[in-house]
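Labels below follow one simple rule: chain letters A, B, ... track the order of the sequence lines, proteins then strands, and each chain is numbered from 1. In what follows, every heavy atom counts, from backbone to side chain, and hydrogens, waters and symmetry copies are set aside.
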Number of protein chains: 2
Amino acid sequence: MSGMNKRRITSKELAKLAGVSSATISRAFSPDSRIGRATRDRILAVAREYGYQPNAIARSLNNQRSRLVALVVNAIGNPCEAEEQQLLVHRLQARQLLPIILCCADHSDRLQLMRLASTYQVDHVVVFSDMVSMQDAVDIFHTTKPIIVSFEPLENENVSSIRIDGSEAADEIIEKIVRDGKKRFAYLSGTNSSWIDKLRRRWFAEALAKRGLSFEAQAFGDYSYDSGFKEAVLLLHRDKVDAIICGNDVMAIGARDAARRVLGKSTPGDIAIVGQDGIAMAAWDCNDLTTLSLDHTAFIDAVVELIERHDAEIEGPHSITLTCSPRWGSTA
Amino acid sequence: MSGMNKRRITSKELAKLAGVSSATISRAFSPDSRIGRATRDRILAVAREYGYQPNAIARSLNNQRSRLVALVVNAIGNPCEAEEQQLLVHRLQARQLLPIILCCADHSDRLQLMRLASTYQVDHVVVFSDMVSMQDAVDIFHTTKPIIVSFEPLENENVSSIRIDGSEAADEIIEKIVRDGKKRFAYLSGTNSSWIDKLRRRWFAEALAKRGLSFEAQAFGDYSYDSGFKEAVLLLHRDKVDAIICGNDVMAIGARDAARRVLGKSTPGDIAIVGQDGIAMAAWDCNDLTTLSLDHTAFIDAVVELIERHDAEIEGPHSITLTCSPRWGSTA
DNA sequence: GCCGTTTGTGTAATCGTGTGCACAATCCAT
DNA sequence: ATGGATTGTGCACACGATTACACAAACGGC
């Protein structure tokens with residue numbers, strides 16, 4: 001039974017075994033289809049016996065619908081995206097959609113990768129990564145006409161976007177830090193080019209401006225713990241800042257460790273450190289980070305909502321806006 | 001140009017445009033194929049102009065080769081697997097293979113999910129998850145005849161496995177802890193049923209047995225920080241142990257925090273805590289965990305090696321064994 | 001008993017490529 | 001110049017399913 005290198009049985013072969021035509025086999029597997037009750041039961045029984053399942057590749061070719069979804073992400077391990085990826089994958093699976101991961105990290109050729117995925121006629125594309133230009137994504141995928149859900153707003157009928165607004169939350173956080181007496185702020189970016197990074201920085205910059213302040217220094221990391229640690233040492237030592245707003249939580253943890261270990265400073269007493277994302281790890285007892293967090297569930301709900309709208313060809317706003325909220329810890 | 005809902009152009013249409021037959025179009029895209037140099041160049045130019053790319057779904061149907069790889073994982077966010085997932089995805093992408101993620105976490109119906117993926121005629125299956133029985137995987141995928149790479153050894157010509165041996169490393173770690181004077185050991189499992197968990201526990205149990213010791217207590221978590229924290233409180237309080245071997249690094253960090261915060265104990269002075277996996281986060285300054293670690297790169301090299309062997313239909317041992325090594329931190 | 005409707009099934013075309021076979025054209029050696 | 005080998009291209013079929021259409025059988029109302 002098991003272990004055999006049995007070739008997969010085809011619908012035509014099963015048809016012969018069940019004494020029907022291959023069309024009838026197909027109908028037996030289509031829920032609402034004109035077929036006799038008895039015939040269907042018999043076919044399903046024989047199918048089970050021989051381990052037959054319709055070939056999804058052939059079905060996709062005929063259907064013009066692959067039920068594949070491309071997820072364009074920066075990295076898989078990265079906690080900042082991981083929780084959302086996890087949620088989304090579950091939601092897709094529940095809808096019988098299979099996710100194909102496109103990982104843009106490092107120097108992999110993102111464009112070639114996206115072109116490869118587009119040849120698989122994916123039904124939808126969800127772009128989490130800020131490493132890829134939305135215009136590139138549209139150009140590559142528009143021939144296959146999937147919907148593209150993305151962080152980055154782009155006026156295009158093929159793109160639905162999710163706008164994130166953290167300005168209020170940033171304002172609350174800055175308010176608290178300023179009240180605590182901090183004066184010299186630094187922003188630690190995750191990249192020096194991404195769209196989302198600039199947006200996040202602007203939220204805080206505006207909150208500072210409102211109070212007659214501005215960033216005294218800016219550094220660039222790569223969203224990693226190590227880069228957070230290294231850049232924070234420089235910021236604290238060279239620029240004498242007493243508050244660091246980080247591009248994500250992981251760098252914030254690195255920065256906090258740098259403050260503690262290298263310079264013997266404490267939070268939030270000596271310096272304030274703020275993360276962004278609101279990953280689960282940030283709430284761990286050993287981290288207890290103050291962070292500008294996004295409701296991951298709401299975010300993924302929005303993604304799924306946009307996908308469904310497009311699936312059902314419902315016209316509607318192609319953009320959903322979500323707001324962030326502060327999560328208070330012991331670092332600011 | 002962009003934004004148009006242009007339907008994807010087919011090889012037959014492109015053939016008309018280029019004044020050749022569709023067979024010639026196909027040959028233009030097959031690297032080693034009898035076709036005139038000039039013809040190919042002309043076709044590629046026209047193809048670029050119209051944005052033509054061969055349809056991978058149709059190609060797969062014809063080829064009997066989908067270039068899709070199913071990755072069966074517990075979760076995406078889970079750091080213990082994430083690093084390996086990340087590495088593997090990169091290696092696959094470099095080979096023009098696209099990964100389909102099957103996420104087994106929670107109560108999703110793993111079997112149905114695997115059946116769904118198998119209908120897509122995946123070329124390979126890599127099982128990272130210990131939540132799924134290898135026999136189930138074989139039964140579901142054997143009809144499509146992919147190779148299955150798995151942790152769990154199973155004598156079956158369709159399964160290649162990677163055996164992990166951490167007994168020596170466990171021995172070194174126990175040696176150090178015993179020498180430090182610890183006497184009462186506990187094992188904190190990640191699950192109460194998985195194959196890999198039992199294996200890991202045995203490494204340490206044997207090292208203890210060699211010294212006339214054994215586990216005084218055993219607890220069961222779910223690989224999460226919270227469960228590590230909660231179970232450690234019980235173990236330390238109720239069972240008065242002074243050394244906890246954890247099923248993974250994340251639980252170890254939780255246990256360490258519990259020891260520190262709830263009971264005011266320090267490591268490695270008061271109690272010893274050991275993790276497993278060797279994830280990057282374990283080496284962060286704030287964690288500095290002692291852990292039994294596996295070389296992730298070597299692991300993924302092995303996976304890729306097995307995949308390639310099968311791809312090239314090279315016969316060879318279907319099993320590769322890797323050994324672990326201790327990574328010393330300040331918790332044991 | 002007869003005709004219109006519903007139900008169930010088979011036939012054949014279709015989805016978009018890849019490739020064996022056939023055949024014309026070109027090339028090279030003698 | 002000629003025969004054989006090589007090169008380049010088209011035709012037609014296969015891959016495995018779905019589905020419009022046709023048609024036979026069953027059914028129901030009068």
Side-chain angles (χ1 to χ4, degrees), chain A residues 6-44 46-47 50-68 116 118-123 143-145, chain B residues 6-44 46-47 50-68 116 118-123 143-145:
Chain A
K6 218 177 351 182
R7 193 177 51 75
R8 190 180 190 86
I9 195 176
T10 84
S11 93
K12 205 167 296 185
E13 297 173 299
L14 189 71
K16 196 150 293 175
L17 290 169
V20 294
S21 81
S22 75
T24 305
I25 300 291
S26 171
R27 284 189 265 257
F29 283 88
S30 300
D32 40 341
S33 171
R34 291 202 332 202
I35 185 178
R37 169 79 190 216
T39 318
R40 162 171 284 151
D41 290 347
R42 182 163 45 91
I43 289 180
L44 291 183
V46 182
Y50 288 89
Y52 171 82
Q53 296 257 117
N55 181 326
I57 296 289
R59 168 186 288 166
S60 301
L61 178 59
N62 184 295
N63 274 352
Q64 312 280 54
R65 190 129 191 290
S66 65
R67 305 196 70 86
L68 295 174
L116 176 59
S118 95
T119 65
Y120 279 81
Q121 321 291 353
V122 293
D123 290 340
T143 49
T144 134
K145 192 174 178 273
Chain B
K6 218 177 352 180
R7 194 177 52 75
R8 190 180 188 85
I9 194 177
T10 83
S11 91
K12 206 167 294 184
E13 297 172 297
L14 189 72
K16 197 150 293 176
L17 290 168
V20 294
S21 80
S22 76
T24 306
I25 300 291
S26 172
R27 285 190 264 258
F29 283 88
S30 299
D32 40 340
S33 171
R34 294 202 329 202
I35 185 179
R37 170 78 189 217
T39 318
R40 162 171 284 152
D41 290 347
R42 183 163 45 91
I43 289 179
L44 291 183
V46 182
Y50 289 90
Y52 171 81
Q53 294 257 117
N55 181 326
I57 296 288
R59 169 185 288 167
S60 301
L61 178 59
N62 184 297
N63 273 352
Q64 310 281 57
R65 189 129 192 289
S66 66
R67 305 196 71 85
L68 295 174
L116 177 58
S118 95
T119 65
Y120 279 81
Q121 321 292 339
V122 293
D123 289 341
T143 49
T144 136
K145 191 172 180 276

Test item: [X] side-chain N/O and [Y] main-chain N/O as donor-acceptor pair under 3.5 Å:
X	Y	answer
B:R42	B:A18	yes
B:R40	B:R27	yes
A:T119	B:Q53	no

Residue pair [X] / [Y]: nearest heavy atoms and the distance that separates them:
X	Y	answer
B:R67	B:D123	N-OD2, 2.7 Å
A:A15	A:S21	CB-C, 3.6 Å
A:I25	A:L14	CD1-CD2, 3.8 Å

Starting from [atom2] on [N], measure out to [atom1] on [X] and report it in whole angstrom.
X	N	atom1	atom2	answer
B:D32	D:dG8	CG	C1'	16 Å
A:R40	C:dT7	CZ	P	14 Å
A:I9	D:dG16	CD1	C1'	13 Å
B:L17	C:dG16	CG	C1'	16 Å
B:I35	C:dT19	CD1	C1'	14 Å
B:R42	D:dT9	CZ	P	8 Å
A:K16	C:dG10	NZ	P	13 Å
A:R34	C:dG10	CZ	C1'	12 Å

Original post:
Which of residues 21-29 of chain A sit near DNA chain C, with a heavy atom under 4.0 Å from it?
Top reply: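 DNA chain C contact set from residues 21-29 of chain A: A:S21, A:A23, A:T24, A:R27.
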
Subject >> DNA chain C-proximal residues of residues 56-68 of chain B, any heavy atom under 4.0 Å >> reply: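 The answer is B:A58, B:R59, B:N62, B:N63.
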
Once you round to the nearest 0.5 Å, how far does [atom1] of [X] lie from [atom2] of [Y]?
X	Y	atom1	atom2	result
B:S66	B:L61	OG	CG	11.0 Å
A:I57	B:Q64	CD1	CD	10.5 Å
A:N63	A:Q121	CG	CD	12.5 Å
A:S60	B:Y120	OG	OH	4.5 Å
B:L17	B:E13	CG	CD	7.5 Å

**OP:** Can you pull out how bent the helix from C:dG1-D:dC30 to C:dT30-D:dA1 is, comparing the axes over its first five and last five pairs, to 10°?
**Re:**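 End-to-end axis angle for the helix from C:dG1-D:dC30 to C:dT30-D:dA1: 30°, rounded to 10°.
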
Original post:
Would one find a side-chain N or O of B:Y52 under 4.0 angstrom from OP1 or OP2 of C:dT17?
Top reply: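 Checking C:dT17 against B:Y52, a side-chain N or O does come within under 4.0 Å of OP1 or OP2.
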
Original post:
Quick one: is C:dG8 close enough that its OP1 or OP2 comes under 4.0 Å of any side-chain N or O from A:T39?
Top reply: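 The answer is no; no side-chain N or O of A:T39 sits under 4.0 Å from OP1 or OP2.
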
Original post:
Which part of the nucleic acid does B:S33 contact within heavy-atom distance under 4.0 Å: base, sugar-phosphate only, or nothing?
Top reply: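 No contact.
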
